[in-house]
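Data block below; observations after.
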Amino acid sequence: MEQIHWVRRRWQQLVAADSGRGQYSAPAALPTKNFPVLHNTQLLTGKRRTVIARHGRHRHEYHSISKGCQGNGIRTTKYSLLSFIPMNLFQQFHRVANLYFLFLVMLNWIPVVEAFQKEITMIPLVVVLIVIAIKDALEDYRRYRFDQKVNNNIVTVYSGKQQTYVDQRWQDVHVGDFVRLSCNEIIPADMLLLYSSDPHGVCYIETANLDGETNLKQRQLVRDLPRQGSELTPENFHSRIECENPNNDLSRFRGFMEYPSKARVGLHNNNLLLRSCTIRNTETVIGIVVYAGHETKAMKNNNGPRYKRSKLERRLNVDVLWSVVLLVIMCLTAAIGHGLWLRNLKDASFLNPDTTSPALSGFYLFWTMIIVLQVLIPISLYVSIEIVKLCQIFFIQNDVDFYNEYMDSRIQCRALNITEDLGQIQYVFSDKTGTLTENKMVFRRCTIAGVEYPHEENARRLEVYKEDEAMGCSHTLKSRASAKSLSCKSLSCNRSSVSLHTLTGHSEGEESPSPTLPRHSAFSSPMEKDIVPDPFLVQKLNCLSSPLFLLRDASMELTYIVDFFMALAICNTVVVSSPNQPRHVVQVPEVSRTPLKSLEDIKMLFQRFGLPRFSTLSPPHTTESPRSFTRRLFSRGKAASFTPSPSPTPTKLGTEPDGEPNLEASILRDGDQGYEEEEEGEHDELIYEAESPDEAALVHAARAYRCTLQGRSLERLLVELPGMGSLAVRLLHILPFDSTRKRMSVVVRHPLTNQVVVYTKGADSVIMDLAESPEGAEQSDGRQGHIREQTQKHLDNYAREGLRTLCIAKKVLEEEEYEIWLKRHAFAETSIENREELLLESAQRLETNLTLLGATGIVDRLQEEVPETIEALQRAGVKVWVLTGDKQETAINIACACKLLRSTDQLLTANCGSKEACKALLLELRAEVECGEAAEGTSGFTLVVDGRTLDFALQEDLKGDFLELSRRCRAVVCCRSTPLQKSHVVQLVRDQLRVMTLAIGDGANDVSMIQVADVGIGISGQEGMQAVMSSDFAISRFKHLRKLLLVHGHWCYTRLANMILYFFYKNVMYVNLLFWYQFFCGFSGSVMTNSWVLIFFNLLFTSAPPLLYGILDKDVSAETLIKLPELYKSGQNSKAYLPSTFWLTMLDALYQSLVLLLPLIYCAHAGSDADMLSFGSPINASALLIILLHQVIESRTLTWLHVLVLVGSALFYFSFTLVFSVVCVTCSPPTNPLGVDKLQMSQPLFYGVCALTTVLALLPRFLFHALCNSISPSDTLKAALMDQLNPDNYCRRMQRWNQTQAQSKARGLVINVEDLDIKIPDFILPKELKECRAATGSVFS
């Protein structure tokens, strides 16, 4: 029977093709004599790939054709055992600092400029190279283990020798192999789908491993291949495949398959199964590999961690160049001094006889001093910065406040080198939907045929959910079942589930419990599903199940209502899954009956009775649950679900007070009886797998009115309508949504009228323009004009309430009109060149002269703590822009709700129709803002720009005016903006204003904006992982941005900036000692210490304290930084690392080196015969103590760990020098340090010199800090002092701070932290502070 059924279907398809009418929208329209498009368009221009079967008729050509194709084994490692050392060294020497020190090592091997032993000069470079090499080796080994696990996965591949399918490892799969997959198996390579056990020739895949989206996506066989029956036999596959070369475009695949008959069939993205995706619904799938290994689209998109250069790093590079300049000046001074000194000393007895001229000796000494003073360039600083940043990322990732329990996710740091940029952000560009809002779309209300249905009970239901969430109540999702019920073991899919853990080495047994899978029920929470219908709309729909239609002139309105809910149910790509098998698609059964022949029957019945239209009824108020209330409205075989408002006079059921029949009650009663044929209980709960929350919300809304989408196949949809039962809707075409059209459509054969109908849904700005009545229908035009007018009013009201709006429309096509369009559309579908453009043109040609049915209003609630987060960012001096595609009224409403737009702000709107008008308006608004700034009491301006005006404003001659205007506004809202406009806005502000920008979004439309910004943040929300994969940091909620910037951003910037300055200080201070000594040794390049101590001084003795300083220093606590966002401004202004700060640090190092050296020369050792090493021993010890105590003065945090490291560094130095002076005899020729340090440390003069020079060197800095902190303390210091207050004083100070802030806002002024009078109090226990903060939480919020 199945074979007979298949033959019959094929014959129907051929007949339909000959008549020019296709059955469905697959790019599979058969070629006809009247439409020979394939032979004209199948040639691919440019480079392409040819694929033939590895074990087919053309196997003798296989090796010559496929020799350039890669195998399926992947290798993400950079090195092998043999290549590690040369390649790692090659990569490390790409750094200029490493090349510089390599140059010094080579320079020291030249005898005339040699300063130290050759081996000693190599030590700093070798240590740095080894540390980085070890880190790279560990990372590469981790990647190697991951590669091995992936490559050794098993898959079933056809073997030509054995003539059957055998198990092979992934890495042994090649292009041209036939791969057979079962349910829940992961696809090993990019394959062309050639066979599916599904009778409709489709399979469903889940792309969660690729892009994070858990909804099912449909793929279909290549056209003209058998859809069912026996499996594909690889030996009989003789076709040749031509396709484009490997690329990273996940949404596009172009090519053709050439049959032995030379007929060609176009290939497209729906025929391709991508690597890393999972088969979810079909028992068996067979495909031929076209891309393998690193040529697959998944691997082409695997770029690894992102690398960006931070603002602090750019500043560091400038200061390193200044250090180089300083080094050259010092070496030139020494060279010139040496030449002059030799010229003035002639025939001196202590000089070796040499014929070298003073000028040449000075030239040699220049290079010698380069080697001696090499420490001035901080080679270890780069390694220290990498270590500090890794530790900062560790602390960020392990912050429990960033953990999302529901999603079981935490923050991801994908960019490893821009943590400090988080503390310098000046502009934040945010998406709205899914970023500021939940992206949980809930149907709220609708308007149909110009009649508004407020759904008041549905509004009360949403309020109940809000109250429950505020009280901490959790709602358990019914679809979040146990692992046993979610397992994919069934009659059709009897293989155990294979998850992403397979790729990471974690085994999952079939019987072992697995975690709950919340993403399987995306967009299906009770709040989204349990919609309470509007009673008036229910009343009208119940007419369909009434045996008598007693409403005059209601037929057209009822037709609108039925079409409206039909569009909600079928105008989508939702996949229907069964309740006990959520990964399996519900198949569409054969529907043998239709309760009503056509809607014309309904119209005739409406016209038979000439009674008034529906009267207005008051909605009943109920406290029932949503499901029970819905059940009562649609009760089966019971009394009327609800009655009209009680009239003053008692009446009988079904009669009016004057004795006339109550038609509405009768209809309700009769309508309820229409459900008697159904079972008493609810339908089996279906699971809707939607690509977006909007689609899910509309399908759930239709289901609430018993317009239920029950199943989907490639050719048909199964829809249940109230009073009509299940109807099979023939699906002809799907015109998917795109950002250009801003709408989607389906073309179906109506199950009742047998007409070709186009159902369209999309943005109101687009649909309203396309909603035109057919020419010649005057009555219809008048009705449509009224509907458009009323619908527009309702849309404006919805937008003011902050609802997302969608318009629903339809179009009935004549058969001739449809056939003409079908031919053009088939040409577009089967084209290879410019296919996307042709399909867009075809869709736009069809979607004209639409009949407007109505519109929907969907609630998308704000995420928790969004207003508090935005308010905190604005207090921190960060300007927040919202870039959204929503209409202007909705964007303004959301801006008010999240406190971006305050009640005291003056709203500026820019809506222009031409470039000239835009220019005039920008100048006018700019003048208005300047006048407002001059006037007292103005709190601020908020600019709202629509997409069309934004296009004009971004043009070259207007962007200056736009920037100047927006720069003066507190906030900017760009509505109706496209993804490209978003990225252009971010780039414009970043480049022209030279500010630090941050972009945050959750969807694929935010990717370009995220990549353009200095810091890109993705939200792992409801729309997959595209934004996350393109971001630098990934968070789960917008509220996390508050702590990420205000706390971790502040800490990361402050710590790293202070550590870099400290590194420069200690290097310059020690190098100056060597430089000043040259004035007392004839500029000979000699040093007053042995070369081992000189090299190890910065490399070992003083390297650990700066690391601890950069990792753990904390100037202000996290609680205070959260409650006082104004402290963030110090990072925005780069106060911790200004050019002036750098040069002051250099001057301080210069002073300390002079104070350390001069007293020894002119006081302690004046007139003595101390040798060079004895003179240098106290200098080294004093320098070490000064450097360590300098850090103590600069540190804001001192713990036992700090003390341990500081004391340990000092003990390490003294232990090393003592042991070195005892055991070393010829370690540092030509000098001999034996016993020098031991002798020096046994003399009181040594300790007296160390103590005196340390105090003299550090006293100015200590006094400077004391005076500044007493006379003009910084905001950060004042906030740090508040952490030390006792609980009562802390609470009082915080209350005073917030009150002052509120008063300042009222006056339109900016608060200054210095206005507060804070005195230094006693220290108290942190526990008491926490109790105080908890008790005053309402004050701080």
Side-chain angles (χ1 to χ4, degrees), residues 97 308-326 376-389 391-392 417-426 876-878 994-998 1014-1015 1045-1069 1105-1116 1121 1126-1150 1187 1190-1191 1193-1197 1261 1264-1265 1268-1269 1272-1277 1279-1280:
K308 287 184 178 181
R309 182 176 295 178
S310 67
K311 181 179 179 180
L312 190 63
E313 185 178 351
R314 295 193 295 267
R315 177 70 239 176
L316 168 65
N317 292 336
V318 173
D319 290 339
V320 168
L321 293 178
W322 281 117
S323 299
V324 172
V325 172
L326 189 61
L376 185 61
I377 308 301
I379 183 175
S380 57
L381 174 59
Y382 292 95
V383 182
S384 301
I385 289 176
E386 287 192 10
I387 296 174
V388 168
K389 287 185 177 181
C391 293
Q392 289 176 347
N417 57 329
I418 58 171
T419 54
E420 66 272 23
D421 278 349
L422 293 172
Q424 298 180 278
I425 300 300
Q426 296 166 283
V878 178
R994 299 187 180 276
V995 292
M996 292 293 294
T997 58
L998 180 147
D1014 294 297
V1015 177
L1045 296 186
L1046 302 185
V1047 178
H1048 289 285
H1050 176 85
W1051 283 346
C1052 290
Y1053 168 72
T1054 305
R1055 291 167 175 172
L1056 206 57
N1058 291 334
M1059 188 199 75
I1060 292 174
L1061 286 174
Y1062 180 74
F1063 250 97
F1064 278 117
Y1065 152 77
K1066 73 184 186 68
N1067 285 16
V1068 172
M1069 187 264 190
L1107 289 178
L1108 198 65
Y1109 185 36
I1111 296 172
L1112 296 180
D1113 192 52
K1114 183 168 65 175
D1115 53 354
V1116 186
L1121 287 172
E1126 293 82 4
L1127 301 176
Y1128 185 79
K1129 295 178 181 178
S1130 61
Q1132 290 177 326
N1133 302 324
S1134 302
K1135 289 185 177 179
Y1137 193 1
L1138 294 169
S1140 58
T1141 310
F1142 172 78
W1143 290 112
L1144 285 175
T1145 302
M1146 296 298 101
L1147 290 176
D1148 189 27
L1150 180 67
I1187 290 173
H1190 180 97
Q1191 180 176 328
I1193 295 175
E1194 293 297 321
S1195 297
R1196 275 81 167 183
T1197 304
R1261 175 164 288 270
F1264 176 78
H1265 280 298
C1268 289
N1269 295 340
S1272 178
S1274 64
D1275 297 348
T1276 304
L1277 177 64

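The shortest heavy-atom contact between T1141 and A1136 is CG2-O, 4.0 Å. Closest approach of I1111 and C391 over heavy atoms only: CD1-SG, 3.5 Å. Among all heavy-atom pairs drawn from G423 and Y1053, the shortest one is CA-CB, 4.2 Å. Smallest separation of non-hydrogen atoms from V1116 and A1280: CG2-N, 4.3 Å. The two atoms that bring K1114 and W1051 nearest to each other are CD-CZ2, 3.2 Å, heavy atoms only.
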Verdict with supporting geometry, E1194 and H1265, side chain to side chain donor-acceptor pair (under 3.5 Å)
CA-CA 9 Å; E1194 293 297 321; H1265 280 298; 2.8 Å; yes
Would E420 and K389 count as a salt bridge (Lys or Arg N to Asp or Glu O under 4.0 Å) here? Give the steps.
CA-CA 8 Å; E420 66 272 23; K389 287 185 177 181; 3.1 Å; yes
Determine whether K311 and D1014 satisfy the following criterion, side-chain contact (heavy atoms from CB on, under 4.5 Å), listing intermediate values before the conclusion.
CA-CA 9 Å; K311 181 179 179 180; D1014 294 297; over 6 Å; no
Begin with the C-alpha distance, continue with both residues' side-chain angles, and end with the deciding distance and a verdict on salt bridge (Lys or Arg N to Asp or Glu O under 4.0 Å) for D1148 and R1261.
CA-CA 8 Å; D1148 189 27; R1261 175 164 288 270; 2.6 Å; yes
Given side-chain contact (heavy atoms from CB on, under 4.5 Å), test T1197 with L1112 step by step and report yes or no.
CA-CA 8 Å; T1197 304; L1112 296 180; over 6 Å; no
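Residues M1059 and I385 have side chains in contact (heavy-atom distance under 4.5 Å, counting atoms from C-beta outward). With contacts defined as side-chain heavy-atom distances shorter than 4.5 Å, the pair L312/D421 does not qualify. Contact check for C1052 versus L422: no side-chain heavy atoms found under the 4.5 Å cut-off. The side-chain heavy atoms of L998 and L1045, taken from C-beta on, include a pair separated by under 4.5 Å. Within the 4.5 Å cutoff, no side-chain heavy atoms of Q1132 are placed close to those of V995. With a 4.5 Å cut-off on side-chain heavy atoms, V320 and Y382 count as touching. For the pair F1064 and L316, the minimum side-chain heavy-atom distance is below 4.5 Å. A 4.5 Å side-chain heavy-atom check between I1060 and L381 finds at least one atom pair inside the cut-off.
Interatomic distance, CZ of R1055 versus NE2 of H1050, reported as 9.0 Å (0.5 Å rounding). Atom NZ of K1129 and atom CG of D1275 lie 8.5 Å apart (nearest 0.5 Å). Separating the SG atom in C1268 from the CG atom in L1277 is a distance of 10.5 Å, to the nearest 0.5 Å. Atom NE2 in H1190 sits 9.5 Å away from atom OG in S1195 (nearest 0.5 Å). Between atom CD of residue Q426 and atom CZ of residue R994 there is a gap of 12.5 Å, rounded to the nearest 0.5 Å. Once rounded to the nearest 0.5 Å, the distance linking OG1 of T1054 with NZ of K1135 reads 11.5 Å.
At least one donor-acceptor pair under 3.5 Å links the side chain of D1113 to the backbone N or O of R1196.
The number of heavy-atom neighbours closer than 6.0 Å to CH2 of W322, taken from other residues, nucleotides and ligands shown, is 12 or below.
Here L326 pairs with M330, L376 under the side chain to side chain contact (heavy atoms under 4.5 Å, CB included) rule; sequence neighbours left out.
Relative orientation of the Y1065 and Y1062 rings is tilted, given thresholds of 30° and 60° on the angle between their planes. By the 30° and 60° cut-offs, the orientation of the rings of Y1137 relative to F1142 is tilted.
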